[in-house]
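We count ligands from 1, going down the list as the structure has it; atoms in each ligand are counted the same way. The analysis underlying the following values was restricted to heavy atoms, covering all of them including side chains, and did not include hydrogens, waters or symmetry mates.
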Amino acid sequence: MNSLHKNFNIAAHTTFGIEAQTAEFVSVESITSLKENLRTAPKAGLRVLGGGSNMLWTQDFPGRTIHVNLKGIRRVSETNQSVIIEVQAGENWHDLVLWTIENQLAGIENLALIPGNVGAAPIQNIGAYGVELKDVLVQCSVIYRSDLSEQILSVVDCKLGYRDSIFKNELRDKVVITAVQFRLKKPPHAPNTAYGSLEQELKGKPKNIEEVAQAVIRIRERKLPNPKEIGNCGSFFKNPVVSKTKFESLQNKYPTLPSYPVSEGVKIPAAWLIDQLGYKGLRRGDAGVHPHQALVLVNYGQASGAEIWALAEEIQTAVFKKYDILLENEVTRY
Ligand code: EPU
């Protein structure tokens, strides 16, 4: 069994870098150890941690935090066109993207530099620059916390939506994802470069998967703060989807409002709404809104979780008052 730490400061394990104590902390490197730590969980509860890139701790936790540190990448099967790989939950997401590029396997190059671990990727259905995890996901291996049974959930079972999945709903706090399978394409590749800012960065020329990943990395480095330098969790809110009627009335009032049609209605960039309200670059103590991307809340050093949360609530209220749109959090608050 991996060693159990008492009264452990979680700051270094979350990308917000905010201090909070967990009464117990254990990093597990095998399924046996994971099951043992689930089985012996204290009454005060359990929290499962991957790369800590989508969580805001606003208070200490009296229970046990299990850091899923399972490692490994293997080829499961292949055809002439594609390869299925299985990746253990504790692998770093961006390292996996680099591995796929080295191995000439296409599919996740647009998702370069997303912080976090592989096991959390299906929970959020991570997405960027025109690609979502659901485009390449085959299945997830999970362990049920209640009886420690192991099961496979197919991509359909995972009910993936925009930054949403079964793991945020019916299975919330019920399972631990231990491994994820992806279907990736062998050469010749046809990278997806249609997303506006990516196309601009590539200057419209066809590129190979390595060049696409490099372009995504350049865009992200320009716009998004590096969590190793400034604590953050990427987009704090989801982009809201409104009905066509609601969008038309907003557009009458705000003719420059950007929008993207989606099957459920019209998606509006939350960053634009927040930016218009003058929040971009705002700083309250060590809590702030990033100067290059209004959707990203940042910890300049010593902000508490409660301070970041208060700023998020203030923004949410201001957006609601002005636009009658309730922003949903992308980040999970604890
Ligand atoms: N905009 C502003 N002000 C800003 C930033 C953006 O007005 O400060 C407007 C611009 O009109 C811009 C539009 O918002 O064209 C969209 O901005 P951007 O392309 O930066 O994307 P986003 O909608 O803010 C989403 C994802 C990101 C992902 C990018 C690129 C969500 C919640 N966020 O951001 O994902 O990297 O698209 O695909 O869907 C994340 O989830 O943590 C994340 C970073």
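Ranking protein heavy atoms by distance to atom 2 (C) of ligand 1, first place goes to Asp275 OD2, 3.6 Å. The closest protein non-hydrogen atom to atom 23 (O) of ligand 1 is Asn239 ND2, 2.8 Å. In terms of protein heavy-atom proximity, atom 14 (O) of ligand 1 is nearest to Pro269 CB, 3.2 Å. The protein heavy atom nearest to atom 24 (O) of ligand 1 is Gln293 NE2, 2.8 Å. Of the protein's non-hydrogen atoms, the one nearest atom 43 (C) of ligand 1 is Ser235 OG, 3.1 Å. The closest protein non-hydrogen atom to atom 31 (C) of ligand 1 is Tyr162 OH, 3.4 Å. When hydrogens are left out, the protein atom nearest atom 1 (N) of ligand 1 is Ala271 CB, 3.7 Å; that is the closest non-hydrogen contact. Counting only heavy atoms of the protein, atom 10 (C) of ligand 1 lies nearest to Pro258 CG, 4.7 Å.
Residue-ligand proximity: Tyr260 is placed with a non-hydrogen atom under 4.0 Å from ligand 1. Residue contact annotation: His290 has no non-hydrogen atom under 4.0 Å from ligand 1.
Residue Lys134 comes nearest to Asn125 through the heavy atom pair N-OD1, 3.0 Å, listed as atom of the first residue, atom of the second, then distance. Gly127 approaches Ile114 most closely through the heavy-atom pair O-CD1, 4.4 Å. For the residue pair Ser53 and Thr15, the shortest heavy atom distance occurs at CA-OG1, 3.3 Å.
Arg39 and Glu36 are joined by a salt bridge, as a carboxylate oxygen and a charged side-chain nitrogen come within less than 4.0 angstrom of each other.
Taking each of Tyr279, Tyr195, Tyr129 in turn, the one with a heavy atom nearest to atom 37 (O) of ligand 1 proves to be Tyr195.
Here is the list of ligand 1 atoms found below 4.0 Å of a heavy atom in Trp272: 2 (C), 7 (O). The distance from ligand 1 to the heavy atoms of Arg163 drops below 4.0 Å at these ligand atoms: 26 (C), 27 (C), 31 (C), 33 (N), 35 (O), 39 (O), 40 (C), 41 (O), 43 (C). Of all atoms in ligand 1, numbered sequentially from 1 with element shown, those under 4.0 Å from a heavy atom of Leu295 are 24 (O), 32 (C). Within ligand 1, counting atoms from 1 as listed, the ones closer than 4.0 Å to a heavy atom of Gly234 are 42 (O). Close approach of ligand 1 to Arg220 (heavy-atom distance below 4.0 Å) involves ligand atoms 36 (O). Close contacts of ligand 1 with Lys280, meaning ligand atoms under 4.0 Å from a residue heavy atom, involve 3 (N), 4 (C), 8 (O). Close contacts between ligand 1 and Lys223 involve ligand atoms 18 (P), 19 (O), 20 (O) [criterion: under 4.0 Å to a heavy atom].
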Do Glu264 and Tyr162 pass the side-chain contact (heavy atoms from CB on, under 4.5 Å) test, and can you show the C-alpha distance, the side-chain angles, and the key distance before you say yes or no?
CA-CA 11 Å; Glu264 309 83 0; Tyr162 167 57; over 6 Å; no
Go through the steps for Glu86 and Gln181 under the test side-chain contact (heavy atoms from CB on, under 4.5 Å), then give the verdict.
CA-CA 4 Å; Glu86 180 168 85; Gln181 288 192 5; 3.0 Å; yes
Derivation of the salt bridge (Lys or Arg N to Asp or Glu O under 4.0 Å) call for Lys35 and Glu150:
CA-CA 10 Å; Lys35 283 190 174 175; Glu150 296 182 34; 2.7 Å; yes
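Taking the six-membered ring for Trp and thresholds of 30 and 60 degrees, Trp93 and Phe182 have ring planes more than 60 degrees apart, a perpendicular arrangement. Between Trp272 and Tyr254, the ring planes are perpendicular. Angles over 60° get that label, and only those under 30° would be called parallel. Ring-plane geometry between His290 and His292 is classed as perpendicular, the angle between the planes exceeding 60 degrees on a 0 to 90 degree scale with a lower cut at 30.
Each of Ile209, Ile85, Ile84 was scored for a side chain to side chain contact (heavy atoms under 4.5 Å, CB included) with Leu184, with one residue passing: Ile85.
Residue Ala294 touches ligand 1 through backbone and side chain together, judged by heavy-atom distances below 4.0 Å. Of all the heavy atoms of Phe237, the ones lying under 4.0 Å from any atom of ligand 1 belong exclusively to the backbone.
Looking at ligand 1, you won't find any N or O of Ala128 less than 3.5 Å from one of its N or O atoms. The distance criterion of under 3.5 Å between nitrogen or oxygen atoms is not met by Ser197 with respect to ligand 1.
Protein heavy atoms are found inside the 4.0 Å sphere centred on atom 16 (C) of ligand 1.
No side-chain N or O of Ser249 forms a donor-acceptor pair with one of Asn252 less than 3.5 Å apart. Side chains of Gln302 and Asp286: a donor-acceptor N/O pair is absent below 3.5 angstrom, by distance only.
Tyr129 places no side-chain N or O within donor-acceptor distance of the main-chain N or O of Ala112, the cut-off being under 3.5 Å.
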